[in-house]
Amino acid sequence: MGQTESPEALDKLLYYLRAFSYYGDNKALNESDLDRLAANLQNLPATPRLQEHFAVTLYRYFNEQIPTQVESLLPRLTP
(Lines give C-alpha, C1' and ligand atoms only; values in the text may rest on other atoms or scores of the structure.)
Protein backbone atom coordinates (compact mmCIF):
# COMPACT_ATOMS: atom_id res chain seq x y z
CA MET A 1 0.00 0.00 0.00
CA GLY A 2 1.34 3.38 -0.82
CA GLN A 3 0.53 6.91 -1.79
CA THR A 4 0.03 6.07 -5.48
CA GLU A 5 -2.87 3.63 -5.05
CA SER A 6 -6.34 4.98 -5.62
CA PRO A 7 -8.86 4.78 -2.77
CA GLU A 8 -10.72 2.16 -4.83
CA ALA A 9 -7.61 -0.02 -5.14
CA LEU A 10 -6.90 0.34 -1.42
CA ASP A 11 -10.51 -0.54 -0.65
CA LYS A 12 -10.18 -3.78 -2.64
CA LEU A 13 -6.87 -4.65 -1.00
CA LEU A 14 -8.18 -4.05 2.50
CA TYR A 15 -11.35 -5.97 1.69
CA TYR A 16 -9.15 -8.90 0.67
CA LEU A 17 -7.21 -8.64 3.95
CA ARG A 18 -10.49 -8.56 5.82
CA ALA A 19 -11.70 -11.74 4.07
CA PHE A 20 -8.34 -13.41 4.66
CA SER A 21 -8.61 -12.65 8.36
CA TYR A 22 -11.84 -14.66 8.48
CA TYR A 23 -10.97 -17.55 6.16
CA GLY A 24 -7.18 -17.61 5.87
CA ASP A 25 -4.48 -18.79 8.22
CA ASN A 26 -3.52 -15.71 10.23
CA LYS A 27 -0.99 -17.77 12.13
CA ALA A 28 1.01 -18.07 8.91
CA LEU A 29 1.79 -14.36 9.18
CA ASN A 30 4.98 -13.66 11.07
CA GLU A 31 5.90 -10.57 13.04
CA SER A 32 7.75 -9.10 10.06
CA ASP A 33 4.61 -9.42 7.90
CA LEU A 34 2.54 -7.69 10.55
CA ASP A 35 5.15 -4.94 10.98
CA ARG A 36 4.97 -4.23 7.23
CA LEU A 37 1.18 -4.19 7.36
CA ALA A 38 1.24 -1.77 10.31
CA ALA A 39 3.69 0.52 8.50
CA ASN A 40 1.47 0.62 5.43
CA LEU A 41 -1.64 1.27 7.48
CA GLN A 42 0.03 4.45 8.76
CA ASN A 43 -0.23 5.90 5.24
CA LEU A 44 -3.90 5.20 4.52
CA PRO A 45 -6.00 8.17 3.44
CA ALA A 46 -8.65 9.09 5.99
CA THR A 47 -11.74 8.28 3.90
CA PRO A 48 -14.71 6.78 5.77
CA ARG A 49 -14.59 3.42 3.92
CA LEU A 50 -10.84 3.03 4.40
CA GLN A 51 -11.18 4.01 8.05
CA GLU A 52 -13.70 1.19 8.50
CA HIS A 53 -11.27 -1.28 6.93
CA PHE A 54 -8.48 0.18 9.06
CA ALA A 55 -10.43 -0.44 12.28
CA VAL A 56 -11.33 -4.00 11.27
CA THR A 57 -7.73 -4.71 10.25
CA LEU A 58 -6.46 -3.47 13.60
CA TYR A 59 -8.84 -5.76 15.40
CA ARG A 60 -8.46 -8.84 13.20
CA TYR A 61 -4.66 -8.79 12.76
CA PHE A 62 -3.23 -7.03 15.79
CA ASN A 63 -5.64 -7.26 18.72
CA GLU A 64 -4.66 -10.77 19.77
CA GLN A 65 -1.22 -11.23 18.22
CA ILE A 66 0.42 -7.85 18.86
CA PRO A 67 -1.75 -5.65 21.08
CA THR A 68 1.01 -3.02 21.32
CA GLN A 69 0.59 -2.37 17.57
CA VAL A 70 -3.05 -1.48 18.19
CA GLU A 71 -1.98 1.12 20.72
CA SER A 72 0.45 2.73 18.28
CA LEU A 73 -2.01 2.67 15.35
CA LEU A 74 -5.17 3.67 17.19
CA PRO A 75 -4.49 7.43 16.94
CA ARG A 76 -4.70 7.01 13.11
CA LEU A 77 -8.45 6.52 13.40
CA THR A 78 -10.15 9.83 12.81
CA PRO A 79 -13.29 10.84 14.66
Side-chain angles (χ1 to χ4, degrees):
M1 289 184 273
Q3 298 291 340
T4 59
E5 283 92 1
S6 69
E8 294 82 14
L10 291 171
D11 179 58
K12 288 179 182 180
L13 178 60
L14 289 167
Y15 193 78
Y16 171 82
L17 288 172
R18 188 175 189 163
F20 180 83
S21 76
Y22 293 111
Y23 303 109
D25 182 10
N26 284 357
K27 294 183 184 353
L29 300 172
N30 61 38
E31 193 169 335
S32 177
D33 296 330
L34 294 172
D35 285 344
R36 284 194 310 267
L37 177 57
N40 283 298
L41 287 173
Q42 290 285 357
N43 298 319
L44 272 182
T47 66
R49 178 67 176 159
L50 296 180
Q51 287 290 299
E52 176 193 359
H53 283 313
F54 181 88
V56 170
T57 301
L58 283 183
Y59 176 74
R60 299 292 300 168
Y61 286 93
F62 299 104
N63 192 44
E64 292 180 16
Q65 292 184 21
I66 309 176
T68 54
Q69 280 287 21
V70 173
E71 187 178 324
S72 68
L73 289 167
L74 206 52
R76 263 304 269 130
L77 285 172
T78 58

Item to check | Distance, nearest 0.5 Å, that separates CG of Leu10 from CZ of Phe54 | outcome: 13.0 Å
Checklist entry - Does the side chain of Leu41 reach to within under 4.5 Å of the side chain of Tyr61, using non-hydrogen atoms? => result no
Next on the checklist: Quick check on the hydrophobic clustering: are Phe62 and Tyr15 connected, directly or via other members, by side-chain heavy-atom contacts under 4.5 Å?
Outcome noted: no
Next on the checklist: For Arg49, give me all partners under salt bridge (Lys or Arg N to Asp or Glu O under 4.0 Å), at least two apart in sequence or on another chain.
Outcome noted: Asp11, Glu52
Item to check | Min side-chain heavy-atom separation Tyr22-Arg18 under 4.5 Å | outcome: yes
Checklist entry - Does any N or O in the side chain of Asn40 come within less than 3.5 Å of the main-chain N or O of Leu37, such that one atom is a donor and the other an acceptor? => result no
Checklist entry - Got Val56 and Leu17 here, is their nearest side-chain heavy-atom distance under 4.5 Å? => result no
Item to check | Minimum side-chain heavy-atom gap Val70-Tyr59 below 4.5 Å | outcome: no
Item to check | Contact summary for Asp25 and Phe20, nearest pair of heavy atoms | outcome: N-CZ, 3.6 Å
Next on the checklist: Please enumerate all residues that pass side-chain hydrogen bond (donor to acceptor under 3.5 Å, both in side chains) together with Gln42, with sequence neighbours excluded.
Outcome noted: none
Item to check | Residues which pass side-chain contact (heavy atoms from CB on, under 4.5 Å) with Ala9, listed by chain and number, not counting sequence neighbours | outcome: Glu5, Ser6
Checklist entry - Got a sec, which residues hit side-chain hydrogen bond (donor to acceptor under 3.5 Å, both in side chains) with Thr47, two or more places apart in sequence or on another chain? => result none
Checklist entry - Between CG of Leu50 and CD of Glu8, what distance do you get to the nearest 0.5 Å? => result 9.0 Å
